[in-house]
Trainee: 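Quick one: this structure, given as structure tokens, is what I'll be asking you about.
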Amino acid sequence: MKIVHLADTHLGLSAFSRVDPETGMNLREQLIYNNFLAAIDRIIAMRPDALVHAGDLFHQVKPKTRAYTTALDALSRLHQAGIPMIVVAGNHSMARTRYTASPFEVLERGGYRAADLYVAHNNRYRRVELGETVFHLIPNMIEPGGYRRAFEEIEFSGGTDVLVTHGLASILSDHRLHTVAEHELDATLLSDRFDYIALGHYHGQVQVADNAWYSGSLEYCNYGEIDDEKGGLLVNPATGKVEHIDLPHTPMLNLGRINCDGLTAGEVVASILEAASARWDEIEGAICQITLDGIRRETLRALDQKALQDLRNRSLDLKLRAMAVDDPYHVFHQDSLAGLDYVTEFERFVEKEHLAPADAEFVKKTGTEVLRSVIARHREGESAAE
């Protein structure tokens, strides 16, 4: 059997405050939908026996309407091609209480034959048999002990056994994403009795055991993933052969590092534009980052934003990663070149924590009120000192 292993597609993720003029939708969100369907078409052309998705199909437990319709469109295309899809719920799209409906209930009622879609959610193990291959599905669990209880339900077959689950392998414990319901997988779960283990949650494509792989996320979800390889995996569980496959996604470019020691603001801007000009064709529609090493805060504040506007317009997003010589912390300077906006940075931090919408709104509201109060008192103190 030949399978394609995907994970962490995060349908519904939005970022960068850019709007698609045709749809009025956040442009980053729109691109994720478009790229996902293009990836499905490419996978169909490869004619695998099954598509395995190891969690976080959706970005949140209550997906946006367009996220649902995109997933249903993908299922329709796979159905027409005769390719079943096997999915487990990840921590982003798992129902966390008995009163919360799983988003996968909508997909299961989408009018497709039972043989088209196999989903494990609501904290329950599921066994799926396709020919001589048995898929053991363990979704993201509410609490860590749920994985062990699910594992104990497994009965190995006499054929090929594949485990599909979502969580952080202990070998990657230093790479926690610090998101809701992120659980470390007991090393004994990654048993060598499985012919292949398809993992989701970690966004880099990496092998963590002889038979266990993370396919990684399909898209770059944040700048911390800039060095990751994106795509999917083509797997033959019977032989253990695993190959990387390129799939459509928005590129993220590292435009390099500029030594800003002794440079004026104008010279820094000129260096940024020079670095960008060498990759001008690649920058079109890409997510870009350039590191300003050893820059002083007053120089950073003095950078001419207008001079960088063409570069910003050409890219989907431009991150100036400022490593200020007179600041022990790295400053991520993006939308405003007048200084760090602490309130905006806090709101971005909250968004990366992927809290439930109501919780995120409460944390943002409370946190920003506290920040604004502290900033106001600090400015009053500066005025009094003058």
Trainee: I'd like to know if the side chain of Y147 and the backbone of H166 have a donor-acceptor N/O pair within less than 3.5 Å.
Mentor: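 Such a contact is found between Y147 side chain and H166 backbone.
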Trainee: Are the side chains of R28 and L316 in contact, using a 4.5 Å heavy-atom criterion?
Mentor: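 Side chain of L316 against side chain of R28, heavy atoms only: contact under 4.5 Å found.
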Trainee: Is it true that D73 and R77 make a salt bridge, defined as a side-chain N closer than 4.0 Å to a carboxylate O?
Mentor: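 Result for this pair is yes, salt bridge flagged.
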Trainee: Is it true that R257 and D293 have a side-chain N and a carboxylate O under 4.0 angstrom from each other?
Mentor: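 Answer for the salt bridge query: yes.
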Trainee: Side-chain contact, heavy-atom cut-off 4.5 Å: L292 with R321?
Mentor: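 The answer is no, as the side chains (C-beta and beyond) never meet within the 4.5 Å cut-off.
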Trainee: Does D20 reach the main-chain N or O of N26 with its side chain, forming a donor-acceptor pair under 3.5 Å?
Mentor: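 No, D20 side chain to N26 backbone: no donor-acceptor pair under 3.5 Å.
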Trainee: Under a 3.5 Å distance rule, please check whether N254 uses its side chain to pair with a backbone N or O of D227 as donor and acceptor.
Mentor: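 No, the answer is negative, given that no donor and acceptor are paired below the 3.5 Å cut-off.
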Trainee: First locate atom CD1 of I245, then atom NE2 of H5, and finally report the distance between them rounded to the nearest 0.5 Å.
Mentor: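 Atom-to-atom, I245:CD1 and H5:NE2 are 10.5 Å apart.
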Trainee: Counting neighbours of CD on E267 that are heavy atoms of other residues, nucleotides or ligands and sit closer than 6.0 Å, is the number greater than 12?
Mentor: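 More than 12 heavy atoms, drawn from other residues, nucleotides or ligands, come within 6.0 Å of this atom.
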Trainee: Quick check on the hydrophobic clustering: are V134 and V164 connected, directly or via other members, by side-chain heavy-atom contacts under 4.5 Å?
Mentor: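 No, no single cluster joins them.
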Trainee: Quick check: do H53 and T9 have side-chain heavy atoms less than 4.5 Å from each other?
Mentor: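 They are in side-chain contact.
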Trainee: Could you tell me whether N313 atom CG has more than 12 heavy atoms of other residues or ligands within 6.0 Å of it?
Mentor: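 Atom CG in N313 is crowded, with more than 12 foreign heavy atoms closer than 6.0 Å.
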Trainee: For R148, is there any backbone N or O sitting under 3.5 Å from a side-chain donor or acceptor partner on D186?
Mentor: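 Checked: no pair found.
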Trainee: Taking all non-hydrogen atoms of both residues into account, name the closest pair between L189 and L163 and its distance.
Mentor: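 Taking L189 first and L163 second, the nearest heavy atoms are O-CD2, 3.7 Å.
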Trainee: Could you measure the distance from the OG1 atom of T291 to the CD1 atom of I272? Nearest 0.5 Å is fine.
Mentor: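 Those atoms lie 10.5 Å apart.
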Trainee: Are the side chains of H10 and H92 in contact, using a 4.5 Å heavy-atom criterion?
Mentor: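 Yes, close enough: below the 4.5 Å cut-off.
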Trainee: Using 4.0 Å as the upper bound for N to carboxylate O, is an ion pair formed by D161 and R193?
Mentor: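 Here R193 does not pair with D161 in a salt bridge, since their nearest N and O are not under 4.0 Å apart.
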Trainee: Going from CG on L255 to CG on L318, what distance comes out if it is rounded to the nearest 0.5 angstrom?
Mentor: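 Answer for the CG-CG pair, L255 versus L318, is 7.0 Å.
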Trainee: Looking only at atom types and distance, does a side-chain atom of Y223 sit under 3.5 Å from a main-chain N or O of C288, one as donor and one as acceptor?
Mentor: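 Here the side-chain-to-backbone pair exists.
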Trainee: Can you check whether Y125 and F151 have ring centres sitting under 6.0 Å from each other?
Mentor: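 No, they do not, as the ring centres are separated by 6.0 Å or more.
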Trainee: Any chance the side chains of H203 and Y214 put a donor and an acceptor closer than 3.5 Å?
Mentor: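 No, Y214 and H203 have no side-chain donor paired with an acceptor closer than 3.5 Å.
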Trainee: Does any part of the side chain of L75, heavy atoms only, come nearer than 4.5 Å to the side chain of L117, both counted from C-beta?
Mentor: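 A side-chain contact under 4.5 Å exists here.
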Trainee: Would R312 and D310 pass as an ion pair if we require N to O under 4.0 Å?
Mentor: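 No, no charged N to carboxylate O under 4.0 Å.
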Trainee: Other residues, nucleotides and ligands only: do more than 12 of their heavy atoms fall within 6.0 Å of CG on L172?
Mentor: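 Above 12, so yes.
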Trainee: Drop me the distance from I86's CD1 to L51's CG, to the nearest 0.5 angstrom.
Mentor: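 If we round to the nearest 0.5 Å, I86:CD1 and L51:CG are 8.5 Å apart.
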Trainee: Does G145 offer a backbone N or O that forms a donor-acceptor pair with the side chain of E143 under 3.5 Å?
Mentor: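 Yes; at least one donor-acceptor contact below 3.5 Å.
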Trainee: Do K64 and E29 sit within salt-bridge range, that is, some charged N less than 4.0 Å from a carboxylate O?
Mentor: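 Salt bridge flag = yes for E29 with K64.
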Trainee: Check whether D195 reaches the backbone of V162 with its side chain - one donor and one acceptor, N or O, closer than 3.5 Å.
Mentor: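 No, because the side chain of D195 does not come within donor-acceptor range (under 3.5 Å) of the backbone of V162.
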Trainee: For I3 and F135, which heavy atoms make the closest approach, and how far apart are they?
Mentor: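 Shortest heavy-atom contact: CG2-CZ, 4.1 Å.
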Trainee: To the nearest 0.5 Å, what is the distance between CG (N35) and OG1 (T70)?
Mentor: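 Those atoms lie 11.5 Å apart.
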Trainee: F36 versus L218: any side-chain heavy-atom pair under 4.5 Å?
Mentor: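 Yes - at least one pair of side-chain heavy atoms lies under 4.5 Å apart.
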Trainee: Which atoms form the tightest heavy-atom contact between A71 and L57, and what is the distance?
Mentor: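 So the two residues come closest at CB-CD2, 4.4 Å.
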Trainee: Considering all heavy atoms of both residues, which atom of Q60 and which atom of K62 are nearest to each other, and what is their separation?
Mentor: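 Q60 and K62 have their closest heavy atoms at NE2-O, 3.0 Å.
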Trainee: If we ignore angles and hydrogens, is there a donor and acceptor under 3.5 Å between the side chains of D8 and Y202?
Mentor: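 No, no side-chain donor-acceptor contact under 3.5 Å.
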Trainee: Give, for atom NZ of K2 and atom CG of D49, the distance between the pair rounded to the nearest 0.5 Å.
Mentor: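 These two atoms lie 7.0 Å from each other.
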Trainee: With the threshold set at 4.0 Å, does a side-chain nitrogen-carboxylate oxygen contact exist between E155 and R127?
Mentor: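 So E155 does not pair with R127 through a salt bridge.
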Trainee: I'd like to know if the side chain of T165 reaches the main chain of I138, judged simply by a donor and an acceptor atom lying under 3.5 Å from each other, with no hydrogens or angles considered.
Mentor: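 Checked: pair present.
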Trainee: Is the closest side-chain heavy-atom distance between S217 and K230 below 4.5 Å?
Mentor: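 Answer yes - side chains close enough.
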Trainee: Are S93 and F104 side-chain neighbours, meaning at least one heavy-atom pair lies under 4.5 Å?
Mentor: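 Counting from C-beta outward, S93 and F104 do come under 4.5 Å.
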